[in-house]
Number of protein chains: 2
Amino acid sequence: MKTEQPQPQPGHESGPEPDSYSISDLAREFGITTRAIRFYEDKGLLSPARRGQTRIYSPEDRVRLMLILRGKRLGFSLDESREIIDMYDPEHGNVEQLQRLLQHIEQKRAQLQQQLRDIQSLMGELDEAEARTRASLAQTQEQ
Amino acid sequence: MKTEQPQPQPGHESGPEPDSYSISDLAREFGITTRAIRFYEDKGLLSPARRGQTRIYSPEDRVRLMLILRGKRLGFSLDESREIIDMYDPEHGNVEQLQRLLQHIEQKRAQLQQQLRDIQSLMGELDEAEARTRASLAQTQEQ
DNA sequence: GCAGAGGCTTACGTTAACGTAAACGTAAAG
DNA sequence: CTTTACGTTTACGTTAACGTAAGCCTCTGC
C-alpha cells in the first residue's frame with residue numbers, strides 16, 4: 001500500500017519531505033524489516049497513527065526511529081533508547097523527576113565519554129594492526 | 001583459592017603487577033562473574049593455563065579480558081570482539097587472508113567513525129536536554 | 001472477478017550472553 | 001575433622017530482539 005502524497009500545500013514545500021510514510025517505506029529506507037518496526041511499537045518506542053488498521057508514520061515517528069537505530073549503533077538496549085528519547089519531550093512535572101533526569105543525563109554523558117576513550121584506543125590499535133598487516137604483506141610479496 | 005605470588009625474581013619488579021590471577025581475582029577486578037569468564041573461554045576468547053583443573057590467568061589473559069569488556073562497551077558481540085582481538089597476533093599466513101584482514105580493519109574503522117558521529121550528536125542533544133531541564137527546574141522553583 | 005502487493009494479528013522459534021543451581025573436589029583454618 | 005572458601009563440570013532457565021510462518025483483510029490493475 002503506497003501512502004498517497006497529495007502535496008497538501010501545493011507548490012510551497014520545496015524539499016522532498018513526505019508528510020507520512022508507510023511501514024515498508026521506513027523499512028526500506030533504513031534497511032530493517034517491518035517486523036522490527038512493529039516490535040519497537042510493541043516495546044513502546046513508537047506509536048504511529050492509524051488509518052483503520054494500517055499504521056501511518058509521521059516525520060516525527062521517522063525521527064524517533066532514527067534515534068532508535070542510532071541507539072543500536074551505540075550498543076544501547078531498546079529500554080535505554082526509550083529512556084534517552086523520553087528526555088526530549090518535556091512532560092516531566094515535579095522537581096524530583098527533573099533532578100533524576102539530570103542525573104540520568106550525567107550518567108549517559110559519562111558512558112559516552114567512556115565510549116569515546118574506547119574508540120580512540122581502538123582506532124589507534126587498528127592503525128597499528130593495519131601497519132603490521134601491510135608490512136607482513138610487503139614481506140610476503142618480495143619473496 | 002588465592003593464587004600464590006612467591007615474588008619469583010626477588011626484589012626486581014617494582015610495580016605491583018602480579019604474574020598470575022585466579023578467576024575470582026579477575027571477576028572482582030572487573031565487576032563480572034566467574035561464570036561470564038568461563039563463558040568467554042567456552043566461546044574461544046580466552047584459554048588460560050591450568051594447574052590441575054584450576055584456571056590460571058596470565059597478565060596477557062587479563063589484557064584479553066579487558067579487550068573483551070571494551071568491546072562490550074562499544075556494543076560488539078563476542079564474535080566481533082574475538083575477530084578484533086585476533087587482529088593482534090600475526091598468524092595470518094597467505095596474501096588473501098591479509099587482504100581480507102585489511103578490509104576487515106577498514107570496516108571496523110568505518111563503524112567506529114559512525115559511532116563517533118553518533119556520540120557527538122547525542123552529546124549535543126544531552127546538552128540541550130540538560131539546558132531545558134534546568135530551565136524547567138528554575139521555573140518550577142520560582143513559583 | 002481475481003491475482004498480487006501490501007498490511008494486520010497471533011504465535012511459536014531462535015540466538016546471544018549469561019544466570020542459577022546441583023553435585024562434587026580440595027586445601028587451609030579453627 | 002568438619003566448616004569455609006574457592007574451584008570445577010554439567011545442565012537447565014532466562015531475557016532481548018527480533019525471524020518466520022500462518023491465516024486473514026483490502027485495495028489496485030488487468
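So that the names make sense, note that chain A is the first sequence line, chain B the second, and so on, each numbered from 1.
Among the nucleotides C/dA17, C/dT9, D/dT8, the one closest to the side chain of B/K72 is C/dA17.
Screening residues 57-68 of chain A for salt bridge (Lys or Arg N to Asp or Glu O under 4.0 Å) gives A/E29-A/R62 as the qualifying pairs, with residues at least two apart or on separate chains.
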At a cut-off of 3.5 Å, list every protein nitrogen or oxygen paired with a nitrogen or oxygen from nucleotides 19-24 of chain D, distance to 0.1 Å.
from   : atom 1 : to    : atom 2 : distance (Å)
D/dG19 : OP2    : A/T33 : OG1    : 2.6
D/dG19 : N7     : A/R35 : NE     : 3.4
D/dG19 : O6     : A/R35 : NH2    : 3.0
D/dT20 : O4     : A/R35 : NE     : 3.0

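A distance of 10.5 Å separates CD1 in A/I119 from CD in A/Q114, rounded to the nearest 0.5 Å.
Spacing between atom CG of B/D42 and atom P of C/dT15 amounts to 17 Å, rounded to whole angstrom units. Rounded to whole Å, the distance from CZ on B/R51 to P on D/dC6 is 16 Å. Going from atom CD1 of B/I68 over to atom P of C/dC18 covers 10 Å, rounded to whole Å.
A side-chain donor-acceptor contact under 3.5 Å links B/S121 and A/R70.
Dashed line: the shortest gap from a side-chain N or O of A/S22 to OP1 or OP2 of C/dG7 is under 4.0 Å. At C/dC18, one or more side-chain N or O atoms of B/Y40 fall inside 4.0 Å of OP1 or OP2 (strictly under the cut-off). The phosphate of D/dT8 has OP1 or OP2 within less than 4.0 Å of a side-chain N or O from B/R38. A/S24 has a side-chain polar atom (N or O) that falls below the 4.0 Å cut-off from OP1 or OP2 of C/dG7.
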